[in-house]
Every structure is written in C-alpha cells, then in structure tokens.
Amino acid sequence: ARMAAAAESSGRRPEDIALCAATKVQSDDTIRAAIAAGITLCGENRVQELTAHLAAGAYEGARVHFIGHLQTNKVKQVVGRVDLIQSVGSEHLLRAVEAQADKLGLVQDILLEVNIGMEESKGGVDPAQLRPLAELAQSLPHVRLRGLMAIPPISPLPGANRPFFAKMYQLFVDIRREMSDNQCDIDCLSMGMSGDFEDAIAEGATLVRVGTALFGPRPP
Ligand SMILES: *Cc1c(COP(=O)(O)O)cnc(C)c1O
C-alpha cells in the first residue's frame, strides 16, 4: 500500500514498481510465510544463506535475486541459481560471472551496482566508470545487462538520499538510451530500502529492496 501511494503521488503506475523482500537473517519458515502472504521475489545478500535456503526449497513460488557483495571465488554458488545478480560492481566480478555462465551454458541476468555516494567503503562502480563497464557487459555473450542498482550512503535525515536517487535515475535513462539497440533489456532500476523506498519511487525506482519494513528489525 505504501509503494502504491508513493507511485500515485508522483504520477506513476503502481504496477511499474516491484518489491524485492530482503530476506537476510530470516529463517526458511519466515521466507515461506512471506511467499504465502504474497511476496513474489526474494533478495539474498549472503552466499551462505542463499545456498542454505535453496537447499531447503524455501524460495519455492518466488524468484530470487542476489543483492549483496559477491566475491569472485563464490560466483559458482550464485551464477545460474538466481534470476538476477543485482550487485555486479567491477570488471573483475563481471568477467568472473561471464566465465561461470559460459561454463554452465546459460545467460545470467545482471544489474551493475553504482557507488552513487562515492564512498570508500562501498562496492559498486564509480558513476564516471559506468559507461565502459556497461559497454563491456553488453559485449559479453553470457551476461544480460538489465539495469542498475545502488545503495546510497546511510543517513538519518529523511529525504537525504533523494539527490542520489535522482542521479541514479539520470544514469539509468542515459544508459538505456545509449545501450539499448532496440531490444530494450534494460528495464530495472533497483534502489530504495525500508527507510527511503518512497523517495526512491518518487525518483524513478522500478524495484525496491525492503527488509525491516516487512519482517521487523533484525537482531544486531
Ligand atoms: C538488507 C538490505 C536491504 C533492505 O534493508 P532494510 O533497511 O532492512 O529494508 C536492501 N538492500 C540490500 C542490498 C540489503 O542488504
């Protein structure tokens, strides 16, 4: 309901924005309950949790995205097992995903993660390096570039991330215009979490990743 209200108040159609339930630290049973309650997409950010939930069949009835930091030595455990890897933020990782997808004979959908706040501590490609990385992704036969993802800086101030979301939308529009040669695979802009998804929707998100607002606070 909050997503729909945010869409409508910015003149967007609610059906153009999808919800990814961020299921980190949740149990198999909680994930099953969320899916029974209508969740159609889960986002996992640790390889170990992803592997365990997959083995337990906990995601049955929903799609799964990988949304966390991915080390190249763990791509084997993710490529081909999730519908979308949202967090490809370097050439090194992009090439590792391509290599594994090639080996498995499949095409892996990916988003490029952008370090929109230019934070030292964060993964993701610098905005200025996005274009060459997107071109590389487009040229690789076993990855399909579907769009962009961002995690802006943590801020306690409401509304503080709106300028970052607006910048992401501009990058998304530019990349889509420059890269989509008629096929228009680039349709996903993943941004916004529990504290700021309404602002992200107002600025053009097509996918929001929400954990706390669905499941309650996580243990520290
Ligand atoms: C945990 C997580 C979220 C959701 O965070 P909440 O603030 O609990 O909504 C979104 N994206 C990523 C990458 C996450 O790891």
Side-chain angles (χ1 to χ4, degrees), residues 1-6 17-28 30-31 33-35 37-54 58-59 62-71 74-75 77-78 81-90 93 97 109-119 121-125 146-162 164-165 168-169 172 188-220:
R2 282 172 59 188
M3 287 174 63
I17 304 131
L19 172 62
C20 175
T23 47
K24 60 174 168 276
V25 316
Q26 306 302 335
S27 67
D28 291 331
T30 300
I31 292 171
I35 294 166
I39 288 296
T40 57
L41 169 61
C42 296
E44 209 56 74
N45 78 333
R46 292 207 189 88
V47 173
Q48 209 178 336
E49 289 179 56
L50 173 75
T51 305
H53 294 313
L54 283 171
Y59 303 120
R63 286 167 297 129
V64 187
H65 290 180
F66 192 78
I67 63 176
H69 177 68
L70 181 56
Q71 291 165 285
K74 294 194 174 155
V75 295
Q77 296 167 69
V78 178
R81 298 193 178 160
V82 298
D83 296 282
L84 179 70
I85 302 174
Q86 294 198 15
S87 43
V88 177
S90 70
L93 179 57
V97 171
D109 278 4
I110 62 155
L111 303 182
L112 293 178
E113 181 177 351
V114 180
N115 186 358
I116 196 64
M118 306 275 278
E119 295 171 279
S121 60
K122 279 226 178 107
V125 60
R146 300 299 307 272
L148 304 178
M149 181 270 230
I151 309 171
I154 295 168
S155 169
L157 300 175
N161 284 332
R162 265 191 91 141
F164 292 117
F165 293 144
M168 281 303 301
Y169 183 71
F172 175 65
C188 184
L189 178 57
S190 172
M191 58 184 191
M193 320 204 302
S194 292
D196 55 18
F197 69 85
E198 280 129 330
D199 284 341
I201 289 170
E203 295 294 349
T206 68
L207 182 61
V208 295
R209 309 176 309 268
V210 178
T212 310
L214 289 169
F215 299 108
R218 290 180 289 275

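First listed ligand is number 1; within each ligand, the first listed atom is number 1.
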Donor-acceptor list for residues 39-47 side chains, cut-off 3.5 Å, not counting sequence neighbours:
residue: E44; atom: OE1; partner: T23; partner atom: OG1; Å: 2.8
residue: E44; atom: OE1; partner: Y59; partner atom: OH; Å: 2.6
residue: R46; atom: NH1; partner: E49; partner atom: OE2; Å: 3.0

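- Remark: Q71 engages H69, N73, K74 in a side-chain contact (heavy atoms from CB on, under 4.5 Å) (not counting sequence neighbours).
- A distance of 13.0 Å separates CZ of R146 from CG of L189, quoted to the nearest 0.5 Å.
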Tabulate distances under 3.5 Å between N/O atoms of ligand 1 and N/O atoms of the protein, writing both atom names on each line.
residue: ligand 1; atom: 8 (O); partner: T212; partner atom: N; Å: 2.8
residue: ligand 1; atom: 8 (O); partner: T212; partner atom: OG1; Å: 2.5
residue: ligand 1; atom: 8 (O); partner: R218; partner atom: NH1; Å: 2.8
residue: ligand 1; atom: 8 (O); partner: R218; partner atom: NH2; Å: 3.2
residue: ligand 1; atom: 9 (O); partner: S194; partner atom: N; Å: 2.9
residue: ligand 1; atom: 9 (O); partner: S194; partner atom: OG; Å: 2.5
residue: ligand 1; atom: 9 (O); partner: G211; partner atom: N; Å: 2.8
residue: ligand 1; atom: 11 (N); partner: R209; partner atom: NE; Å: 2.8
residue: ligand 1; atom: 15 (O); partner: K24; partner atom: NZ; Å: 2.7
residue: ligand 1; atom: 15 (O); partner: N45; partner atom: ND2; Å: 3.0

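- For A58 against I35, the heavy-atom pair with the smallest separation is O-CD1, 3.5 Å.
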Which side-chain N or O atoms in residues 207-220 pair as donor and acceptor under 3.5 Å with protein atoms at least two apart or in another chain?
residue: R209; atom: NH1; partner: S190; partner atom: O; Å: 3.1
residue: R209; atom: NH1; partner: S190; partner atom: OG; Å: 2.9
residue: R209; atom: NH2; partner: A150; partner atom: O; Å: 3.2

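- A side-chain donor-acceptor contact under 3.5 Å links D83 to the backbone of V64.
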